[in-house]
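The block underneath contains the structure these notes are about, expressed in structure tokens.
Only heavy atoms go into these numbers, but all of them, side chains included; no hydrogens, no water, no symmetry mates.
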Amino acid sequence: QVQLVESGGGLVQAGGSLRLSCAASGRTFSVYRMGWFRQAPGKERDFVAAINWIGGKIYYADSVKGRFTISRDNAKNTVYLQMNSLKPEDTAVYYCAADRFGEGYSDSAAYDYWGQGTRVTVSS
């Protein structure tokens, strides 16, 4: 089992920044990739960004390219999502997820473990 705990959400004005953190514990050696997803009210859970635990290959959704940056600290078993130039449409609950097998970086069904989510609200 892998446990994931997100932090760093909050309320920010449009154009502002936030940094989300996801601390992983448990059988972290079994993780191939870490991802961030988000779910706005009444909408499906969407892919945001992902990073391979070994090698560090990175993937982004088109909607966040150039504004969000995903990174990892292997020593701390923590993944970060730096979010800049935030827009009201970025408002959502953001979830961290862990994928053991690396099947489909943008497919939520490929991820085996999920955090509880952290809420991000961007005001206009």
Side-chain angles (χ1 to χ4, degrees):
Q1 292 287 332
V2 175
Q3 295 78 41
L4 304 172
V5 179
E6 303 102 330
S7 61
L11 173 64
V12 64
Q13 289 187 333
S17 299
L18 281 175
R19 188 176 83 154
L20 306 183
S21 299
C22 174
S25 60
R27 299 173 62 89
T28 56
F29 59 85
S30 67
V31 173
Y32 181 88
R33 177 181 294 136
M34 297 290 292
W36 286 97
F37 288 76
R38 66 186 181 186
Q39 188 166 19
K43 295 189 177 180
E44 295 184 351
R45 190 169 296 188
D46 291 331
F47 169 72
V48 176
I51 186 168
N52 290 359
W53 204 243
I54 303 298
K57 189 172 183 179
I58 288 173
Y59 312 85
Y60 292 106
D62 288 342
S63 58
V64 306
K65 279 180 183 176
R67 300 188 299 123
F68 290 11
T69 302
I70 189 171
S71 62
R72 77 200 193 287
D73 184 332
N74 288 30
K76 295 182 178 180
N77 287 332
T78 299
V79 174
Y80 304 96
L81 186 68
Q82 177 67 44
M83 306 186 295
N84 298 329
S85 303
L86 282 161
K87 306 175 182 180
E89 51 263 44
D90 295 318
T91 295
V93 176
Y94 283 71
Y95 297 91
C96 174
D99 171 11
R100 291 183 295 167
F101 304 112
E103 298 174 339
Y105 64 86
S106 63
D107 182 1
S108 61
Y111 289 78
D112 305 286
Y113 305 103
W114 292 84
Q116 81 288 351
T118 185
R119 186 174 301 276
V120 172
T121 303
V122 184
S123 63
S124 56

Grab the two heavy atoms, one from [X] and one from [Y], that are nearest each other, plus how far apart they are.
X	Y	value
Val2	Arg27	CG2-O, 3.4 Å
Leu86	Leu18	CD1-N, 3.9 Å
Arg38	Ala92	CB-CB, 3.8 Å
Ala14	Pro88	CB-CD, 4.1 Å
Ser21	Thr78	CB-CG2, 4.4 Å
Ala24	Leu4	CB-CD2, 3.6 Å

(Q) When you group the ILVMFWY residues by side-chain heavy-atom contacts below 4.5 Å and let the links chain together, are Phe37 and Tyr94 in the same group? (A)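 Different clusters.
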Report yes if some heavy atom in the side chain of [X] is under 4.5 Å from a heavy atom in the side chain of [Y]; otherwise report no.
X	Y	result
Tyr32	Ile54	no
Thr118	Val93	no
Trp114	Cys96	no

Q: Taking atom CD of Gln116 as the centre, report whether more than 12 heavy atoms of other residues, nucleotides or ligands fall under 6.0 Å from it.
A: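 Yes.
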Q) Under 4.0 Å between a Lys/Arg side-chain N and an Asp/Glu carboxylate O for Asp90 and Lys87? A)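 Salt bridge: no.
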(Q) Going by side-chain hydrogen bond (donor to acceptor under 3.5 Å, both in side chains), name the residues that satisfy it together with Gln82, two or more places apart in sequence or in a different chain. (A)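 With sequence neighbours excluded, Gln82 shows a side-chain hydrogen bond (donor to acceptor under 3.5 Å, both in side chains) to Asn84, given in chain and number order.
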(Q) Can you list everything that forms a salt bridge (charged side-chain N to carboxylate O under 4.0 Å, His left out) with Lys43? Sequence neighbours excluded, please. (A)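 Checked Lys43 against salt bridge (charged side-chain N to carboxylate O under 4.0 Å, His left out); zero matches.
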Q | Tyr59: ring-ring contact (aromatic ring centres under 6.0 Å, His included) partners, not counting sequence neighbours | A |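 Result, ring-ring contact (aromatic ring centres under 6.0 Å, His included) vs Tyr59: Tyr105.
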